[in-house]
Amino acid sequence: MAQLLTIIPCLNEAATMERLITYLLGERARCAMRIVVSDGGSTDGTVEIVQRLAAVHPCVTYLPNPKRIQSAAVNAAVALYGQDADYLLRIDAHADYPPGFCRDLVDEAVLTGADSVVVAMRTVAPSGFAAAVAAAQNSPLGNGGSAHRSRPGDGQFVDHGHHALMRVAAFRTVGGYDESFSHNEDAELDMRLRKAGFRLWLTGKTSLDYHPRGTVGGLFRQYRNYGRGRARTLLKHRARPRLRQLLPVAIAPCLVLAPLGGLLPLLLWALLCMGYGLLLAMRARRPLIVLSGPAAMVMHAAWSLGFWQALMEHQR
């Protein structure tokens, strides 16, 4: 049986941590695994929850992460506990996972020979602004048609996807995550994996449900960091952005030039977003979903701002 090193990078996740660890303990009936919670300094009771469960279940380990970022959390866990593991499994504390998730990923890795099995993700939220954010993120308006945000069918080899299962040997060969990246570290690692000849498989056998930010400020900060990370990845690897990334890049310059008379592009962008939000609301028969249009505008503007900030920092 394959040995899994299951890693949960976290910071202040008391609301979901016990439920998540309990779920993984149930998955151990299908997969042999050590569960490592790498915590970046939680103050909300997360540490106490993990330590209480670790005292009862020897397979659960609490690992402090003084660097606080996810890339460092995974690297430290692999360095300390990856010697006897065949695969590392990265688990998101903001997500829900279906029964058999771990076993399905291992089966896919064996069947396809892939070195990394990535998954599709669907954003879910029951109500409030978060529901509008979820609708935007699940649509081409918010995700640009990226493969791991759409239905993968029976599965396909891809350039990038939401990280789940990875061979420890492949991870170590390319040096793990780049700890100078606080965001987009997964896409940056995928570039190095592909350059080294490793293959990534987007499975259609299983997926996860992700819970989005529920405030405008939280959403803005998240997507600004995404934009910064993407720009740094492209600069590091001297790669070109794709078309679906070029369109949001133009938003920040248009906002800056708007006082000089460049209002038409912004008006067309706003009409597109608002109109698409209305269409999503009509399809869902939920008036609140009309806010997915403004939510998408926040995402686009923040991503673009972060992208240009990273470019200007690089020039300096």
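Between Phe157 and Trp201, the two ring planes are perpendicular [angle over 60°; tilted spans 30° to 60°]. Classification of the Tyr223-Tyr226 ring pair by plane angle, with boundaries at 30° and 60°, yields perpendicular. Aromatic ring pairs are classed by plane angle as parallel below 30°, tilted from 30° to 60° and perpendicular above 60°; the pair Phe171 and Tyr177 is perpendicular.
Here the closest heavy-atom approach between residue Ser292 and residue Leu280 is recorded as OG-CD1, 3.6 Å.
Remark: Arg52 engages Glu18 in a salt bridge, criterion side-chain N to carboxylate O under 4.0 Å. Taking a cutoff of 4.0 Å between a charged side-chain nitrogen and a carboxylate oxygen, Arg199 and Asp115 do not qualify as a salt bridge. Using a 4.0 Å cut-off between a side-chain N of Lys or Arg and a carboxylate O of Asp or Glu, Asp178 and Lys236 qualify as a salt bridge.
If you take CE on Met297 and CG on Leu291, they are separated by 12.5 Å, rounding to the nearest 0.5 Å. Taking CG of Asp186 as the reference point, atom OG1 of Thr233 lies at 8.5 Å (rounded to 0.5 Å). From Met299, atom CE reaches atom CD of Gln137 across 4.5 Å, with rounding to the nearest 0.5 Å.
Remark: the backbone N or O of Arg103 is not paired with any side-chain donor or acceptor of Arg30 at under 3.5 angstrom.
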Validation: residues 41-50 side-chain donor-acceptor distances under 3.5 Å, sequence neighbours left out:
unit_1: Ser42; atom_1: OG; unit_2: Asn12; atom_2: N; d: 2.6
unit_1: Ser42; atom_1: OG; unit_2: Asp39; atom_2: OD1; d: 2.4
unit_1: Ser42; atom_1: OG; unit_2: Asp39; atom_2: OD2; d: 3.4
unit_1: Asp44; atom_1: OD1; unit_2: Thr46; atom_2: N; d: 3.2
unit_1: Asp44; atom_1: OD1; unit_2: Thr46; atom_2: OG1; d: 2.7
unit_1: Asp44; atom_1: OD2; unit_2: Glu13; atom_2: N; d: 3.4
unit_1: Asp44; atom_1: OD2; unit_2: Ala14; atom_2: N; d: 3.0
unit_1: Thr46; atom_1: OG1; unit_2: Glu13; atom_2: N; d: 2.8
unit_1: Thr46; atom_1: OG1; unit_2: Ala14; atom_2: N; d: 2.9

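Residue Thr61 is tested with Val36, Leu80, Ile7 for a side-chain contact (heavy atoms from CB on, under 4.5 Å); the sole match is Val36.
Side-chain atoms of His163 and Asp92 include no donor-acceptor pair closer than 3.5 Å.
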